[in-house]
Amino acid sequence: MKFLLFYILRRFFVRLEYADEKITLTKRIVIEKTAVIPLSAIIKTVTEISPVMRVFRAKKVTVCTLNGKAEFFLRADEQPPFLPKMPEHCIRPRFFEIVFGAFIDTRALAGIVFFAAMLQKIGGIVGGSYFDGIISALMTTAEKLSETLLLIHIAVPRIMAFAAAFATFSWIFAFLSKLIRLSGYRLSKSGKFVFVKSGAITLYETALVQNTNALLLRKTAVCMFIKRFPVYYGADMIFPAASEITFAKISDRFFGIPNEDAALFKTPPSKIFGHITVPFWAFIISSALLFMFYYLNLNEAQILKTVLYCAVFSSGYITVFGIALVKNAKSSFGDVCIKLSFRRGTALYSVFFPREISRGFALSQNIFQRASSLCDCKAFTVGRKSFRARQLPFKTSRS
């Protein structure tokens, strides 16, 4: 509907003007709405071309600011005057790096939600029989999984086997969708804009304004082993799988954040337990409950047994790999760049941002940290964003 009203019939419903260092966008159907966006407030623009848009030689442009966004449609050959064209010279990651980036960037929970939404949407278009067929195929897979596990004396309820099969297919579907979106990945720069282009079916071109956000690295246990990790600028992926050398080049050449020779500090080895307190106690409690389950011979409560096994595995995994990740968490306060590292779930995050976008710091100590001269450091940046590194030396953080 938007494409019909705001592109095919845009002469009747849309007025777009570029003047006086601002964009004025007016849309009117029943109620007229006008958005005025100063060019200085833009932090990124996203250009999207779907297969339908290619037929009509159109594209959708989304202009994002710290306070919101505005969308409008243009002709495929129409270039906004405030945005330069993407240069021909660019960096192209290898196919292995694209596959690895799609693998790391695919989250199980997000995949389940995405897969369920797609099933519902396709079922609404094609018909209920299509949706029922998918569910029936998953139920058949779950039954076969339960029967296979029984051969090795592991009893799994069918509902749990169905959930496992649904989660697996959801992750695979989300991974393939991410891989298609990352195909043809290119990174380049022109002036103050950093361009990212990707996509095979729907084409995406993102223009990011320098020094309006923080560079972010996400390292999992697999990343630490492969020595490659995805790089983000805010929520946008900049490079799917970068080595330390590649990241240093991207940080310096594209975002003007040099690799400073600043002092690095991290949590003392004897205090690393403070990072994994919650998953550690979850592991102890779930293990104790599982022991009681076998000790009391509660063979009828198979669902509870499966839940406890999942709790023991997940909390134990987070605890073990959390310790390994936190050992590599290093922070620094340089003259030009700030770096903070922190663990979240099963990944270690490191954020880099120039001091010019910093909006201050806050140090906090609980009772246990005071005795150990440790603190939590919370950094604030533009856009009301904040990042917190935990269990850092108090004196070093104050300096």
Side-chain angles (χ1 to χ4, degrees), residues 40-44 66 91 187-194 196 208-219 223 227 229-239 242-269 271-272 275 325-344 347-365 369 372-399:
S40 59
I42 297 175
I43 59 172
K44 75 173 182 179
L66 292 175
I91 296 177
L187 174 68
S188 62
K189 180 183 177 182
S190 178
K192 66 176 183 178
F193 291 98
V194 175
V196 175
L208 304 163
V209 180
Q210 275 185 288
N211 296 338
T212 57
N213 218 317
L215 274 174
L216 185 146
L217 309 183
R218 181 173 179 265
K219 299 181 180 180
C223 293
K227 296 183 179 180
F229 38 82
V231 183
Y232 302 86
Y233 192 64
D236 299 282
M237 180 180 285
I238 297 301
F239 204 82
S243 62
E244 295 285 353
I245 297 175
T246 302
F247 170 73
K249 293 179 180 178
I250 292 174
S251 174
D252 188 12
R253 297 179 184 179
F254 288 85
F255 296 95
I257 303 177
N259 186 17
E260 286 187 281
D261 189 18
L264 299 175
F265 57 97
K266 57 182 181 179
T267 303
K271 305 301 178 182
I272 288 180
H275 289 274
L325 292 172
V326 170
K327 285 184 177 180
N328 293 278
K330 300 177 182 179
S331 302
S332 66
F333 293 86
D335 296 331
V336 179
C337 172
I338 306 297
K339 174 187 177 182
L340 292 179
S341 297
F342 51 90
R343 183 192 65 84
R344 184 180 297 164
L348 176 68
Y349 293 84
S350 297
V351 293
F352 299 77
F353 57 91
R355 281 190 175 271
E356 63 185 81
I357 70 169
S358 173
R359 293 299 179 265
F361 302 89
L363 303 181
S364 61
Q365 285 183 308
Q369 288 175 327
S372 305
S373 297
L374 299 176
C375 69
D376 293 350
C377 179
K378 192 173 185 179
F380 301 89
T381 62
V382 295
R384 294 171 290 184
K385 295 183 179 180
S386 61
F387 308 97
R388 187 179 71 164
R390 300 179 61 244
Q391 303 293 95
L392 298 179
F394 180 66
K395 292 182 180 180
T396 309
S397 301
R398 291 187 63 183
S399 61

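Minimum heavy-atom separation, R343 to L348: N-CD1, 4.1 Å. The heavy-atom pair separating H275 from V326 by the smallest distance is CD2-CG1, 3.4 Å. Between D376 and Q391 the shortest heavy-atom distance is OD1-N, 3.2 Å. Across all their heavy atoms, Q369 and Q365 have their closest contact at OE1-CA, 3.3 Å. S331 approaches S341 most closely through the heavy-atom pair OG-N, 3.2 Å. For the pair L392 and K266, the tightest heavy-atom approach, listed with the atom from each and the gap, is CD2-CA, 4.4 Å.
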Determine all donor-acceptor pairs shorter than 3.5 Å in which one atom belongs to a side chain in residues 208-217; sequence neighbours excluded.
from: Q210; atom 1: NE2; to: F254; atom 2: O; distance (Å): 2.9
from: T212; atom 1: OG1; to: V209; atom 2: O; distance (Å): 2.9
from: N213; atom 1: OD1; to: K385; atom 2: NZ; distance (Å): 3.4

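Outside the 6.0 Å centre-distance limit, the rings of F255 and F352 are not counted as a close aromatic pair.
Annotation: side chain of F247 is in contact with side chain of F229 (closest heavy-atom distance under 4.5 Å). At a threshold of 4.5 Å between non-hydrogen side-chain atoms, the residues Y233 and V196 do not count as touching. Taking 4.5 Å as the limit, every side-chain heavy atom of C337 sits out of range of all side-chain heavy atoms of S332. The side-chain heavy atoms of I338 and F361, taken from C-beta on, include a pair separated by under 4.5 Å.
Not a single donor-acceptor pair under 3.5 Å links the side chain of T267 to the backbone N or O of I272. Using modelled atom types, no side-chain atom of S190 and backbone atom of F193 make a donor-acceptor pair closer than 3.5 Å.
Open room surrounds CG on N259; 12 or fewer heavy atoms of other groups in view lie less than 6.0 Å from it.
Going from atom OG of S350 over to atom NZ of K339 covers 5.0 Å, rounded to the nearest 0.5 Å. Between the CZ atom of R344 and the CZ atom of R388 there is a distance of 10.0 Å, given to the nearest 0.5 Å. For the atom pair K271 NZ and L374 CG, the distance stands at 6.5 Å (nearest 0.5 Å).
The list of salt bridge (charged side-chain N to carboxylate O under 4.0 Å, His left out) pairs with a residue in residues 243-255, not counting sequence neighbours, reads K219-E244.
The aromatic rings of F265 and F333 lie parallel to each other, their planes meeting at an angle below 30°, with 60° marking the opposite boundary.
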